[in-house]
A.B. asks: 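Shown below is the structure under consideration.
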Amino acid sequence: MRHRTVTAGPALAVFAAVTLALTAQPAAASPGVPSSGSSRPAFSASLLAAPPAVDVNNVNAHLQQLQTFASNNGGNRATGTAGHTATTTYLQQKLQAAGFTVTAQTCTTCSGSAKNIIADWPGGDTSNTYMFGAHSDSVSAGPGINDDGSGSATLLEAALRLAASNPTMTKHLRFGWWAGEEQGLIGSKFYVNSLSSAQKTAIKAYGTFDMVASPNGGYFVTGTDAIAVKLREYFASINVPTETSTECCSDDGSFRNAGIPSSINSTGASYTKTSAQVTKWGGTAGKAYDSCYHKACDSYPSNINSTSLGRWANAEEYALWTLTTGTSTANDFSVSLNPGAGTVSPGSSATATVNTATTSGSAQTVTLASSGAPAGVTVSFSPASVTSGGSSTMTVRTTTAAAPGSYTITVTGTGSAVRSASYTLTLNGTGGCTGAGQKLGNPGFETAETPWTASAGVIGANTGDASPRTGTRDAWLGGYGATRTQTLSQSVTLPTGCSAYALSFYLKVSTAETTTRTQYDKLTVQVGTTTLQVFSNLNASAYTLRSYDLAAFAGQTVTLKFTGSEDSSLKTSFVIDDTALTVS
């Protein structure tokens, strides 16, 4: 994100509150994170007042209380236990005392008919509701202080700070603390299913906060909804870079499946931190973001990074405050690109998705255009204009006359304001295609696992529904009929200067699910951070060839990754065989 100079007035007040909030927090343990005193971008001058600062000490006090509930009740706060009941009672009492209208919704599909806690702050336009959520339960293995006491506690304190300030509300604000997340997002599914079509439409964005204090974590904001936009805006203001996450899943899925714009926001779970992320945030490369994920050691205070905890609490406060308080703000939107760069040979083309989001006011028509393309390169958009919140496909076409080099193409969206994003185009030289051929090792899984990296039991001599298409072995994700996530991945380097980069594999999907509308179990196919396609129980079929063009990744070392996730019942098997990544 570009950094702009802070101007006097309301935007300056925002930064004053940010600075005050951070002074209440301990110094960052991560040497890779720049000081919050660095230059920051100016925010919308239409904001009347800065959000109140959230004191991280108050958040820690809530976490200490959650630890006590676990310690006094068998060591956990799992749904259906006394530890979870104590947690939801605590949330309800705190919120009611602060003036929230609180609904303790009995989740009849949850263990022990546990309760979702729904808290509405009075006032604001209920047809424009912004909702923030976290799950209130833990796994049975431990107290769940980071997962997800951290999300629950930061949202609780953010809610209490807003209540104490009692601002004028223009949009409606709602919070949700969900039961049964660890058993398959049961509580949030129950809540969303209880809403009418009009009530779902009224929710303009939902953000879930699941694990925001991982000891070796990063800062992951994953989504394009209005809440995600505000979170990125806040972190940019304190010079903390963010990334999107490839880890899956949480209660945002229940809302997204109902058509509600949603995001998941976290500091990471069991995935390992990369060297590049250490450069951004500090910490230890090759170590999990949270080594105590779903373990007994997820306890207070040993498994909490208070620096991350305080930053997220204030980011949440900034997002909910700027989206719902003050006078009506002008219509505004954002523009982003995925991916933000592409490498092609002259005569080839690359594509990217242009994402837009309504950041304030109402949705509007955004007309797309580009500038900066060199001679021999053309840029087109399909469609050429979108309603903010929608997306368009950008195609960058090159001719053989285009000169090799690196170029910055600016994509501009014009509506009531002008917003832009940058795309880096790299045109290869004319040295020809070197290193052509099959780039995946062990493509049919016939020689153990190497060079694949896979969850236990994924690669093997499977039988029955998971029988190989050819040979004696394949890769089988899912098929358990219980909440589980498995992965299969391989790192591969793609040469430059070639004309074709074709990824293919055969996929068989068999399921016991009976629905014809709901994606309960999913297989996500990714290259790097780019999602190529998501399959689900709705795609049941015999072995079918799936193919993708990876020309946009020429010259890069990327990771091909398959992630299979099942909910708590009725199995779905995703069986992969005869993979290939052919370069020519």
Side-chain angles (χ1 to χ4, degrees), residues 246-248 338-339 350-351 353 435-480 484-495 498-511 519 521-554 556-566 571-584:
T246 59
E247 288 190 286
C248 177
N338 184 23
T351 61
T353 300
Q438 162 63 270
K439 310 312 292 182
L440 290 178
N442 191 15
F445 309 103
E446 297 299 322
T447 56
E449 291 190 1
T450 306
W452 295 97
T453 299
S455 299
V458 167
I459 297 176
N462 299 307
T463 59
D465 286 344
S467 295
R469 175 180 174 270
T470 61
T472 61
R473 294 164 61 86
D474 59 12
W476 180 15
L477 295 91
Y480 290 91
R484 187 175 297 234
T485 298
Q486 296 174 294
T487 59
L488 170 72
S489 64
Q490 183 176 149
S491 179
V492 59
T493 300
L494 299 179
C498 302
S499 59
Y501 300 78
L503 168 67
S504 65
F505 57 88
Y506 282 87
L507 174 65
K508 177 182 179 182
V509 182
S510 57
T511 184
Q519 296 180 338
D521 310 313
K522 297 179 182 179
L523 176 73
T524 302
V525 184
Q526 294 174 295
V527 173
T529 59
T530 300
T531 297
L532 299 179
Q533 192 166 353
V534 178
F535 300 92
S536 75
N537 48 281
L538 302 182
N539 302 115
S541 67
Y543 276 112
T544 302
L545 180 63
R546 310 290 181 173
S547 302
Y548 308 88
D549 181 4
L550 301 191
F553 302 92
Q556 302 179 38
T557 298
V558 295
T559 298
L560 169 64
K561 183 175 182 181
F562 302 86
T563 302
S565 60
E566 288 187 281
K571 67 180 182 179
T572 300
S573 294
F574 302 97
V575 188
I576 301 165
D577 203 359
D578 299 332
T579 68
L581 205 174
T582 305
V583 177
S584 60

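Owing to the predicted nature of the structure, the values given are computational and were not obtained by experimental measurement.
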A.B. asks: What residues, two or more places apart in sequence or in another chain, satisfy ring pair (Phe, Tyr, Trp, His ring centres under 6.0 Å) together with Phe562?
C.D. replies: Phe505

A.B. asks: With sequence neighbours left out, write down each residue that passes side-chain hydrogen bond (donor to acceptor under 3.5 Å, both in side chains) with Thr493, or none if nothing qualifies.
C.D. replies: Thr557

A.B. asks: Would you list the pairs meeting ring pair (Phe, Tyr, Trp, His ring centres under 6.0 Å) in which at least one residue belongs to residues 440-469, sequence neighbours left out?
C.D. replies: Phe445-Trp452

A.B. asks: Strictly by salt bridge (charged side-chain N to carboxylate O under 4.0 Å, His left out), give each pair with a member in residues 438-463 just once, sequence neighbours left out.
C.D. replies: none

A.B. asks: When the side chains of residues 577-584 are checked against the rest of the protein, which donor-acceptor pairs come out under 3.5 Å, sequence neighbours left out?
C.D. replies:
{"residue": "Asp577", "atom": "OD2", "partner": "Arg469", "partner atom": "N", "Å": "2.9"}
{"residue": "Asp577", "atom": "OD2", "partner": "Thr470", "partner atom": "N", "Å": "3.3"}
{"residue": "Asp578", "atom": "OD1", "partner": "Thr470", "partner atom": "OG1", "Å": "2.7"}
{"residue": "Asp578", "atom": "OD2", "partner": "Arg469", "partner atom": "NH1", "Å": "2.6"}
{"residue": "Asp578", "atom": "OD2", "partner": "Thr470", "partner atom": "OG1", "Å": "3.0"}
{"residue": "Thr579", "atom": "OG1", "partner": "Pro443", "partner atom": "O", "Å": "2.8"}

A.B. asks: Would you confirm whether Gln490, through its side chain, and Gly441, through its main-chain N or O, come within 3.5 Å as a donor-acceptor pair?
C.D. replies: yes

A.B. asks: Mark yes or no for whether Tyr543, through its side chain, and Val575, through its backbone, hold a donor-acceptor pair below 3.5 Å.
C.D. replies: no

A.B. asks: With a 3.5 Å cut-off and sequence neighbours excluded, list the donor-acceptor pairs that the side chains of residues 544-553 form with protein atoms.
C.D. replies:
{"residue": "Thr544", "atom": "OG1", "partner": "Ala542", "partner atom": "O", "Å": "2.9"}
{"residue": "Tyr548", "atom": "OH", "partner": "Gln533", "partner atom": "OE1", "Å": "2.8"}
{"residue": "Asp549", "atom": "OD1", "partner": "Ala551", "partner atom": "N", "Å": "3.0"}

A.B. asks: If you look at every heavy atom in Leu488 and Ala475, which pair is closest and at what distance?
C.D. replies: CD2-CB, 3.7 Å

A.B. asks: Kindly give the heavy-atom pair with the smallest separation between Thr511 and Ala540, and that separation in Å.
C.D. replies: CG2-CB, 4.0 Å

A.B. asks: Check residues 521-528 and write down every donor-acceptor pair under 3.5 Å in which the side-chain atom is one partner and the other belongs to a residue at least two apart or another chain.
C.D. replies:
{"residue": "Asp521", "atom": "OD1", "partner": "Asp567", "partner atom": "N", "Å": "2.9"}
{"residue": "Asp521", "atom": "OD2", "partner": "Thr572", "partner atom": "OG1", "Å": "2.6"}

A.B. asks: Going by side chain to side chain contact (heavy atoms under 4.5 Å, CB included), name the residues that satisfy it together with Ser489, two or more places apart in sequence or in a different chain.
C.D. replies: Thr453, Thr559, Lys561

A.B. asks: Of all residues at least two apart in sequence or in a different chain, which pass the side chain to side chain contact (heavy atoms under 4.5 Å, CB included) check with Asp465?
C.D. replies: Ser510

A.B. asks: Nearest 0.5 Å, please: how far is CG in Asn537 from OG in Ser573?
C.D. replies: 11.5 Å

A.B. asks: Begin with the C-alpha distance, continue with both residues' side-chain angles, and end with the deciding distance and a verdict on side chain to side chain contact (heavy atoms under 4.5 Å, CB included) for Leu532 and Leu503.
C.D. replies: CA-CA 10 Å; Leu532 299 179; Leu503 168 67; 3.7 Å; yes

A.B. asks: Checking Thr530 now: which residues fulfil side-chain hydrogen bond (donor to acceptor under 3.5 Å, both in side chains) with it, not counting sequence neighbours?
C.D. replies: none

A.B. asks: Shortest non-hydrogen contact from Pro495 to Tyr501?
C.D. replies: O-OH, 2.8 Å

A.B. asks: Could you tell me if the side chain of Val492 sits less than 4.5 Å from the side chain of Val558, heavy atoms only?
C.D. replies: yes

A.B. asks: Can you name the residues that form a side chain to side chain contact (heavy atoms under 4.5 Å, CB included) with Arg484, not counting sequence neighbours?
C.D. replies: Tyr480, Gln486

A.B. asks: If you take all heavy atoms of Asn462 and Val458, which pair is closest and at what distance?
C.D. replies: ND2-O, 3.9 Å

A.B. asks: List the residues meeting side chain to side chain contact (heavy atoms under 4.5 Å, CB included) with Thr485, not counting sequence neighbours, and say none if there are none.
C.D. replies: Thr563, Ser565

A.B. asks: Calculate, to the nearest 0.5 Å, the distance between atoms CH2 and OG belonging to Trp476 and Ser467 respectively.
C.D. replies: 9.0 Å

